[in-house]
Engineer: 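The following block contains the structure, expressed as structure tokens.
In what follows, chains carry the letters A, B, and so on, assigned in the order in which the sequence lines appear, proteins first and then strands, with residues in each chain numbered from 1. Treat the numbers as computed from the prediction; the structure is a model and nothing was measured.
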There are 2 protein chains.
Amino acid sequence: MTFTEKKKLSKKELILERAAAMFREKGFAATSMRDLAESVGIEAASLYNHIHSKSQILEEIIFRMAKKCNEHLNDLDKPNVSCIEKVEAIIRFHVQMMINRFDDYHVMVNDWIHLTEPSLSDFVSQRREYVQRLEAILSDGIAKNEIRPIAPYVAILTILSSVRGLEFWHRSRKQISAREMEEHMVQHLLGGLKAK
Amino acid sequence: MTFTEKKKLSKKELILERAAAMFREKGFAATSMRDLAESVGIEAASLYNHIHSKSQILEEIIFRMAKKCNEHLNDLDKPNVSCIEKVEAIIRFHVQMMINRFDDYHVMVNDWIHLTEPSLSDFVSQRREYVQRLEAILSDGIAKNEIRPIAPYVAILTILSSVRGLEFWHRSRKQISAREMEEHMVQHLLGGLKAK
DNA sequence: CCTACCGATCGGTAGG
DNA sequence: CCTACCGATCGGTAGG
């Protein structure tokens, strides 16, 4: 990698970072390329030396995050890990993503509607598959009597939405630390699942 | 009320209804007045005989819903109702609102960011007060040993976000009926709160 | 409720 | 990376 390429890469990363922050604050549609350019410190036209289009920015932010989620789930696919341990790891992973990559996570969860075809269908099917894999882990745990017989569909929905709800916590002046929040969430969400 | 006023009123209601549906589908910023006009069946300019501006539509949708939430909470403020009964009523109320008034609920929860001042501050403070009232009910229940000693802040956040997560369920071809979903949610969310 | 139209702003391109 | 600029579309108004 030449020096020029390296510089270009890091400027692109800066654009993606600022874009995620602005998309989260104002939403994808309400953020203009001129707003974004100002935040990056260049003219709007100059953005196009680093990225192809506004849609491409959204796609990169969202599919990078989706990839992280899928990879984490792949890493968990070991036979010696119990189902309840897997669920705990998934809760912790999502809580940490929500806290540490707040802008990117928020954009994935809220702005995927603004994806255009074929990216939209791609994302929706990736997400469907992800949810199904989580449900399979829960079903497996129920079959092995590790987990209380609860509708996997409802449990997964509750877990993923609760994480999404951390947005409130993130916005408010934080009464509770990130570490405490994570423990509370694990306790609350996992506590309701474990078989006695 | 004259006949003319009555007709105007119902056309305005139609506009608000269609607007909520489109804001939910595409987001407030991505919905144009021309899109909305087409959905209503008139020209864009004609919308302005019924409403003042695009922002006003958003405000009406959101503050009507906020009012419903506040009124429901006021109705619950009776001394002979236990805290756990109050929490159950709140969960059921939100689940039913999410299911029966899906578009309006979704717009309130997702598109409030697009409110402009002074409406934005108004909404944010109303929501803050609402959450504080819910927390107070939980704190009261904990003090009376009706509810397990859990951080009220986290519990309220979990309840409200889980309801929001019903969006997934609503979008998907429904494997579970509304009635079942409500019972599952009450069981799951209330079950984790009750003192033994 | 429509036609006609306003100024502003949008995403993006040409050319250097 | 900038200046200059494109066609398209935006929310909204005038006038009837």
Engineer: Is DNA chain C part of any stem, that is, at least 3 consecutive Watson-Crick or G-U pairs with both distances under 3.5 Å, and where?
Structural biologist: C:1-16 with D:1-16
Engineer: Whole angstroms only, please: what is the CG-P distance between B/Leu14 and C/dC1?
Structural biologist: 10 Å
Engineer: Check whether NZ of the Lys or CZ of the Arg A/Lys54 lies under 6.0 Å from the centre of the six-membered ring of A/Phe28 and within 45 degrees of that ring's axis.
Structural biologist: yes
Engineer: May I ask you to verify if any side-chain N or O of A/His52 is less than 4.0 angstrom from the OP1 or OP2 atom of C/dG11?
Structural biologist: no
Engineer: What I want to check is whether the side chains of B/Arg24 and B/Asn110 have a donor and an acceptor closer together than 3.5 Å.
Structural biologist: no
Engineer: Would one find a side-chain N or O of A/Lys54 under 4.0 angstrom from OP1 or OP2 of C/dC10?
Structural biologist: no
Engineer: When you match A/Ala45 and B/Arg34 each to their closest nucleotide on DNA chain D, which lands nearer the 5' end?
Structural biologist: A/Ala45
Engineer: Does atom NZ (B/Lys26) have a neighbourhood of more than 12 heavy atoms from anything else shown, all under 6.0 Å?
Structural biologist: yes
Engineer: Considering only C/dG11, D/dG11, D/dC1, which nucleotide approaches the side chain of A/Ser46 most closely?
Structural biologist: D/dC1
Engineer: Regarding B/Thr31, tell me which of base, sugar-phosphate or nothing describes its non-hydrogen contacts under 4.0 Å with the strands shown.
Structural biologist: sugar-phosphate
Engineer: Show your reasoning for whether salt bridge (Lys or Arg N to Asp or Glu O under 4.0 Å) applies to B/Lys78 and B/Glu85.
Structural biologist: CA-CA 11 Å; B/Lys78 300 169 197 155; B/Glu85 281 168 345; over 6 Å; no
Engineer: Within the structure, does a side-chain N or O atom of A/Ser32 lie under 4.0 Å from either OP1 or OP2 of C/dC10?
Structural biologist: yes
Engineer: In whole Å, what is the span from the NE2 atom of A/His50 to the P atom of D/dC2?
Structural biologist: 9 Å
